[in-house]
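For this chain, numbers begin at 1 and follow the sequence in order. Order of listing sets the numbers, starting from 1, for every ligand and every atom in it.
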Amino acid sequence: MKYLVTGAAGFIGSHLCTELLKQGNQVWGLDDLSSGKLENIEHLKGNPNFEFVISCISNEAILQELIKKVDVIYHLAAIVGVKRYVEDPVKVIDVNLCYTSRLLELAWKHDKKVVLASTSEVYGKSDKVPFKEEDNRIYGSSTIDRWCYAISKTADEHLCFGYAKKGMPVVILRFFNAYGPRTNSWAYGGVVTRFINQALKGEPLTVHGNGTQTRCFTYIDDIIKGTIEAGRVREAEGKIFNLGNRNEISILDLANKILEISGKNGSIVFQCYEEFYGSSYEDIPRRSPDITAAEKILGYCPTISLEDGLKKTIEWYSKKL
Ligand code: UDP
């Protein structure tokens with residue numbers, strides 16, 4: 001099969017390209033390197049089945065040429081990272097919604113299948129945990145910049161269903177706190193990346209708020225398995241899938257676990273949200289997925305425990321420092 005992966009040099013994108021190539025597919029990767037890194041795909045250099053193009057998805061001429069070549073588009077290019085949402089909502093809406101809307105239109109025009117990377121963020125601060133794909137979404141005020149990301153991805157999902165009505169095959173994946181080697185830059189990355197880097201550098205781990213907020217962290221290999229099946233399984237078309245795992249952990253417990261596994265004698269400090277994000281932020285107190293749909297239709301089954309995943313990730317970051 002022939003695939004286009006947008007955001008190919010990013011965290012999930014680079015792992016996805018690697019696995020698609022391993023399985024004997026032909027892959028075109030597209031990335032503007034705004035947050036993705038060439039070193040993430042260094043190991044794919046010279047692979048005759050891989051072609052990498054540096055360009056933003058806003059360049060329609062390049063995007064269209066690539067879309068024409070492939071069978072399936074994995075659309076992962078996006079502005080990600082909570083700190084980025086609060087810093088530049090205009091960019092978030094431009095890339096995640098406006099350019100994505102154009103990409104979907106081109107995919108429809110050329111009759112291609114799209115797998116859209118959405119996010120657990122779309123559930124917002126709903127307290128009906130675990131979140132099921134058809135559940136309501138609960139967002140805060142638009143004066144709080146954090147919600148711009150959820151809104152952009154929600155609108156993308158509506159666009160996907162709109163094109164599905166016109167006959168385009170689409171699959172929507174809501175990722176739940178993916179982590180692993182090659183996660184984004186530590187300053188903008190998710191909490192696992194930040195805590196691991198802090199622990200390895202001997203800095204205190206900065207727990208926001210009181211640390212009782214929870215997440216279900218999902219190791220990248222599990223995420224990739226589900227993502228690949230989503231592009232393959234016909235029954236998945238026209239549907240949304242949560243990709244995550246059921247093991248909920250508080251951020252304070254995560255910090256302690258990372259200190260323990262890294263074997264560093266580090267400490268924890270509590271930091272108020274404003275200090276890190278500014279005033280335009282509110283947290284999501286609990287986040288946990290119902291993964292029944294992915295289990296049934298994609299055969300998805302996360303197997304990597306948080307301990308094992310953290311060990312692998314810590315090992316990878318240790319070599320980077
Ligand atoms: N967080 C934290 N310390 C940090 C970075 C994040 O305590 O240095 C918290 C953050 O406030 C949130 C959780 O960890 O409650 C997960 O944050 P992340 O940025 O990974 O993404 P989110 O799950 O909120 O989308």
Side-chain angles (χ1 to χ4, degrees), residues 10-12 35 78-87 89 92 96 117-127 129-131 137-140 144-154 173-180 182-201 203-220 223 242-245 247-259 262 266-289 306 309-310 313 317:
F11 164 51
I12 298 180
S35 62
I79 305 295
V80 294
V82 182
K83 205 157 157 57
R84 281 198 183 88
Y85 321 152
V86 297
E87 277 177 8
V92 170
N96 299 5
S118 187
T119 169
S120 52
E121 184 90 4
V122 299
Y123 294 101
K125 51 184 177 178
S126 167
D127 58 5
V129 177
F131 301 148
R137 295 165 270 117
I138 314 250
Y139 301 150
I144 296 173
D145 294 330
R146 188 221 172 102
W147 301 113
C148 70
Y149 179 69
I151 292 289
S152 71
K153 287 290 182 179
T154 300
L173 299 177
R174 292 180 179 162
F175 298 129
F176 278 71
N177 290 81
Y179 73 100
R182 299 191 217 130
T183 17
N184 241 326
S185 78
W186 93 270
Y188 284 94
V191 65
V192 172
T193 315
R194 286 182 55 78
F195 283 176
I196 289 178
N197 277 275
Q198 288 166 338
L200 293 178
K201 288 177 183 163
E203 294 169 4
L205 274 59
T206 51
V207 170
H208 297 160
N210 60 14
T212 56
Q213 66 273 34
T214 69
R215 297 292 186 271
C216 295
F217 296 95
T218 317
Y219 191 67
I220 186 65
I223 291 278
N242 289 336
L243 284 189
N245 73 55
N247 302 323
E248 197 174 349
I249 184 171
S250 76
I251 297 302
L252 182 57
D253 287 348
L254 174 77
N256 281 312
K257 210 177 255 299
I258 288 175
L259 284 177
S262 64
S267 60
I268 288 172
V269 288
F270 291 89
Q271 189 178 37
C272 70
Y273 290 112
E274 289 74 23
E275 203 184 315
F276 187 67
Y277 301 103
S279 56
S280 216
Y281 175 82
E282 68 179 304
D283 205 353
I284 290 167
R286 270 190 87 183
R287 180 187 282 163
S288 168
L306 184 60
L310 287 176
T313 313
Y317 272 106

Just which atoms of ligand 1 are under 4.0 Å from any heavy atom in Glu121? 25 (O)
Pair Lys125 + Glu282, salt bridge at N-O below 4.0 Å: yes
Do the side chains of Thr183 and Val192 get nearer than 4.5 Å, heavy atoms only? no
Using a 4.0 Å heavy-atom threshold (strictly under), name the region of Arg146 that reaches ligand 1: side chain, backbone, both or neither. side chain
Filtering Val191, Leu252, Val269 for the heavy atom nearest atom 14 (O) of ligand 1 leaves Val191
Non-hydrogen atom of Tyr273 closer than 4.0 Å to ligand 1: yes
Would you mind running through ligand 1 and noting each atom that sits below 4.0 Å from a heavy atom of Gly190? 20 (O)
Out of Arg194, Lys83, Arg287, Arg215, who is nearest to atom 25 (O) of ligand 1 when you count heavy atoms only? Arg287
Of all the non-hydrogen atoms in the protein, which one sits nearest to atom 4 (C) of ligand 1, and at what distance? His208 CE1, 3.3 Å
Sub-3.5 Å N/O-N/O distance, Asn177 and ligand 1: yes
Spatial distance of atom NE2 (His208) from atom CG (Asp283) [nearest 0.5 Å]: 9.0 Å
What are the atoms of ligand 1, with element, lying closer than 4.0 Å to any heavy atom of Asp283? 11 (O), 12 (C), 15 (O)
To the nearest 0.1 Å, how far is atom 13 (C) of ligand 1 from its closest protein heavy atom, and which atom is that? Ile251 CD1, 3.6 Å
Ligand 1 atoms nearer than 4.0 angstrom to some heavy atom of Val207 are 7 (O)
Where does Thr206 meet ligand 1, judged by heavy-atom distances below 4.0 Å: at the side chain, the backbone, both, or neither? both
What class does the angle between the rings of Tyr179 and Phe217 fall in, given that below 30° is parallel, 30 to 60° is tilted and above 60° is perpendicular? perpendicular
If you compare all heavy atoms of Phe176 against all heavy atoms of Thr218, which two are closest, and at what distance to 0.1 Å? O-OG1, 2.8 Å
Considering both backbone and side-chain atoms of Gly189, is one of its nitrogen or oxygen atoms within less than 3.5 Å of a nitrogen or oxygen in ligand 1? no
Side chains of Ser35 and Arg84: closer than 4.5 Å at any heavy-atom pair? yes
So how far is it from Ile268 CD1 to Asn256 CG, rounded to the nearest 0.5 Å? 4.0 Å
Give me the atom names and distance for the closest heavy-atom approach of Leu205 to Ala255. CD2-O, 3.5 Å
Heavy atom under 4.0 Å from ligand 1: found in Tyr149's side chain, backbone, both, or neither? neither
What are the two closest heavy atoms between Cys216 and Asn177, and how far apart are they? O-CB, 3.8 Å
Side chain, backbone, both or neither: the part of Phe217 lying under 4.0 Å from ligand 1 by heavy atom: neither
Could you check atom 10 (C) of ligand 1 against the protein and tell me its nearest heavy-atom contact, residue, atom and distance included? Tyr277 OH, 3.4 Å
Which segment of Phe195 sits under 4.0 Å of ligand 1 when only heavy atoms are counted: side chain
Heavy-atom gap Val82 to ligand 1 smaller than 4.0 Å: yes
Report yes or no: do Asn242 and Tyr123 form a side-chain donor-acceptor pair below 3.5 Å? yes
Stacked cation flag Arg146 on Tyr277, 6.0 angstrom / 45 deg: no
